[in-house]
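In what follows, a structure is listed as structure tokens, so that the remarks can point back to it.
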Amino acid sequence: MADTKMPKAYDYARVEEELYDWWEQNGFFRPETQLEIGQADPDAAPFVISMPPPNVTGALHLGHAITSSIEDMLIRYNRMLGRPTLWVPGTDHAGIATQSVVERKLEQQGTSRHEVGRERFVQEVWDWKDEYHQRITGQQKRMGISCDWTRERFTLDDGLSDAVLEAFISLYNEGLIYRGTYLVNWSPNLQTAVSDLEVEYSEEPGKLYYFKYVLKDSDQFIPVATTRPETILGDTAVAVHPDDARYRDFVGKKVIVPVLGRAIPVIADEYVDREFGTGALKITPGHDPNDYEIGLRHDLPVINIMNKDATLNEEGGPYNGMDRFAARDKLWADMEAAGLTIKSEPHALRVPRSQRGGEIIEPMVSTQWFVKMEPLAGPAIDAVRSGAIRIVPERFEKIYFHWMENIRDWCISRQLWWGHRIPIWYGPDGHAFAARDESDALEQAIAHYGDTVHLEQEPDVLDTWFSSGLWPFSTLGWPQATDDLETYYPTSVMETGYDIIFFWVARMITLGLKFTGDVPFRTVYLHGLVRDEEGRKMSKSLGNVLDPLDLIRDYGTDALRFTLLTGGTPGNDMKLSVTRIEANRNFANKIWNAARFVIMNLGDEEMALSDGDPFDRTYALPDAAALALPDRWILSRLADVRDEATRLIDSFQLGEAGRQLYEFLWNEYCDWYIEAAKVRLYGDDPAQAQATRQVLAYVLEQSLRLLHPFMPFVTEAIWENLPGMGGENLALIVARWPGAMAHQSDQADDAFGRIQEMVRAIRNARSEYNVEPARRIIAQISAGEHEALLQENAPLLVSLARLDPEQLTIAADLPTPSKAAALAHGGATIYLPLAGMVDLDAERRRLEKELANIDGQLQRINGLLNNPGFVGKAPAEVVEREPPNRTNSPSNVNSWRVTCASLSNTRLGD
RNA sequence: GGGCGAAUAGCUCAGCUGGUUAGAGCGCCUCGCUUACACCGAGGAGGUCAGGGGUUCGAGUCCCUUUUCGCCCACCA
């Protein structure tokens, strides 16, 4: 066997980064290069993905890793199909998240953003961004992602900022963006409004406080229950149900707000649930969304009792300046002292918390900018309903529809400094001008006022998702009519986690349809969340975070990728276990060693290559006549697995596709074909050996293509060692996905299957009888109709089952020997006269068990075939499969009966 | 209160148009360093596919229902 420079163990650390740089430097990630070298078909439909942009100051986590794995797999597969393939990468400025980290940094330096001022602060964030941008993209590259870095974008770069301006102004001019004072979700720590989606609710223990609303000029009172006593200070009414006899007489009268002494009306509203609490509801329009609605209906005043940091303001009277929760306790104590309380009892609360900081969100009235969503939602619903956009898995369509059909306006203003500043300038009278820049605004102002005036720009910035919502087309150059936009839009697949279907996917669809008149992508593929081995969400506080970079270091990128691709099904969460990654590391090593074996056997001899398309070029196969049974079998299996893998990937069943390739390569190619091939490889017929080498090489080469999208590094690394491939000849990354292959023959499947069964049966018997592994044993095979097949492949049986070739008998019909183990498999009966080793009682038990098993099968088949319903109604091909063959043939079962009977009559030592 | 998902071997999971005797990895037991691989090879044990009903010639797979867990949405103080 020839020497090879391939080390015994696959050394991923040595090859990964080098291969990545080589791919990138060759421009293989760019559609232009693919077309230039003739790999991509200019007439084929391009395949395009917009990469979900990671937070520019974030670090790679498993969410990114799964995204990268799936998208790169799709990209590589489609590139190999010869479609011009574009994957646009980029990063997101992530307003709140990024601003927060820089604010924390300033805090550590003993200063604050307010101290340094807006301009300097924003500059600080840019510097921070520049520093961290390298980190995240470098980490992404470790995943092997073949995206076009020359087209990389950032949500705050000039082009994308221009897109944001265009989108905002155009929506504004259409009246779809408005400004208004409403109750919004206020984050007291970040001191900004957040959208409904950014609020998460958690069940927490709390109290329900019962107290008295005393009637004005009376000692009567209405009992009222609340979970947030501090909001009493902002009450502007008490509501009861109009039909509630208990309180009917109070409606229209006034009650006195505790401590503050304000008189507020008792009103009747059907919203009130008579069953809950006391059946009377205090109304705080300034700090509760429901109360806000009721307030509107009854024209109640809105009192804001809090400052931006959620301390009480002057409306809080004696509690002015106190924290909202301190005020809650103090107020309750004061009310207790005044005899106004009734009781408090434990009560489970649904507490709104900020998705970002985790602090309790305070509903507060403030002036914000909103996008009117309803007019945008209609077309977005239609796009999915009509199939213009397909969602995988389909069940998420329902969730999408439900959300879209109940859509609420989107609060897009944030009281931050890091982000796209809202392009609005206000005149002295507050009149708003939407403009691309200040001079444009001034011009508008002059036209409006007839004179030059001083304008103030809106200080707020836009929600980060506003710019991400434009991502699929802004990254291609919109609003400019660029070639990229023309060529690569709509994109093909939007692949992301189901957790951001509302945040992102829904908004890209609405905004995409609005601004481009077309869907932003044809398919939405949603993956699940990666969880830890116990199924918990990975979080820093739990300390259960697996760092992809550690995993890559320990097991290699391919192992991680393959694990993430094959662990589960679309849309379902995945528990990631290190043992699976380890298993897949072993898989990579297994393939490496199989290749090493093949390459060593190819030696230095030049291998004949097939003609035709250089991207298709592979090893020439020997003439059909030169193919032995194992060759025909593995080629037939390869043809099947190619078809299945193709079908499965095309229907997004990536995990199943990967699994089948794994099984094919390990269990069929390595465990059976390579072992079978050794017979002829080391035999004395050079022509046969050469034919075997050709098949070994061909199947390996084609398999590497099939596996490449799943495990790009190990496959390319092997490819580089294949004679005639790699290097100057062809990189696997741009090789063609194998086309459908002629199926060699179903007979080969069937015949090789018999051999396998027989080999397994003999190995099993050897093991049960503790035959030393090295020992060659005698076998007599009663082969029936398969005599010719077994004669022809006797060397295979000899080698794989370690038989003694001198003492192997194969005949159509042999008498049943005594003192021999009898194995009925593959349509033949194998007798192993393991002299002195056969425990007859044990053998009898074993055979009876087998016989029962086979009888069971026979009964099942007879039952089926005698059932007119089955024969009449089942499809012909299903019926076809059932007739007796192999182990379940009646003649086989009969021979078993004979064997068992004779054994039963045989006494030990006979 | 709605909706969705999960329940299959000791553990983690596949099994998508219903069709042989339900699979894999890990773990476990027995062997084996046979010139690709001990990140390996051979053999083995282990499952009434959560329970119940139904449709069908045939159900892990489709329908109904119950139970347990998880998630999403929703205005109950």
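Lettering follows sequence order; numbering is per chain, from 1. The shown structure was predicted, so the numbers you read here are calculated from the model rather than taken from an experiment.
- Within 4.0 Å of A/Ala594, counting heavy atoms only, lies at least one base atom of the nucleic acid.
- If you take atom C1' in B/G23 and the same atom in B/G60, they sit 12 Å apart, rounded to whole Å.
- Here A/Lys398 does not reach the OP1 or OP2 of B/G3: none of its side-chain N or O atoms lies under 4.0 Å away.
- Under the Watson-Crick or G-U wobble criterion, with both distances below 3.5 Å, B/G5 is paired with B/C69.
- In this structure, A/Asn764 reaches the B/G44 phosphate: one of its side-chain N or O atoms is under 4.0 Å from OP1 or OP2.
- At a cut-off of 3.5 angstrom, the base of B/C4 holds no donor-acceptor pair with the side chain of A/Arg395.
- OP1 or OP2 of B/A14 has at least one side-chain nitrogen or oxygen of A/Thr569 nearer than 4.0 Å.
- Here B/G32 is the nucleotide among B/A42, B/C72, B/G32 with the atom lying nearest to any side-chain atom of A/Pro773.
- For the P atoms, the distance linking B/C63 with B/G5 amounts to 10 Å, nearest Å.
- With both ends at atom C1', the span from B/G18 to B/U55 equals 12 Å, rounded to whole Å.
- The nucleotide B/A42 finds its pairing partner in B/U30, both defining distances of the Watson-Crick or G-U wobble pair being shorter than 3.5 Å.
- For A/Trp666, a side-chain nitrogen or oxygen approaches OP1 or OP2 of B/G41 to under 4.0 Å.
- Closest contact between the side chain of A/Val272 and the listed nucleotides B/C72, B/A77, B/A24 involves B/A77.
- Between A/Lys575 and B/C11 there is no side-chain N or O to OP1 or OP2 distance below 4.0 Å.
- A sub-4.0 Å separation between OP1 or OP2 of B/C37 and a side-chain N or O of A/Lys8 is present.
- A donor-acceptor contact under 3.5 Å links the side chain of A/Glu675 to the base of B/A36.
- Proximity note for A/Asn572 (side chain, C-beta onward) versus B/G43, B/G5, B/A36: the nearest is B/G5.
- Separation of the P atoms belonging to B/C49 and B/C11 is 16 Å when rounded to the nearest angstrom.
- Checking the phosphate oxygens (OP1, OP2) of B/A36, a side-chain nitrogen or oxygen of A/Tyr682 falls inside 4.0 Å.
- Nucleic acid contact class of A/Gly655 (heavy atoms, under 4.0 Å, all strands): none.
- The phosphate of B/C40 (OP1 or OP2) has no side-chain N or O of A/Asn593 nearer than 4.0 angstrom.
- Candidate nucleotides B/A77, B/G43, B/C31 were compared by shortest atom distance to the side chain of A/Arg760, and B/G43 ranks first.
- Comparing atom distances between the A/His347 side chain and each of B/A36, B/C73, B/A77 picks out B/A77 as nearest.
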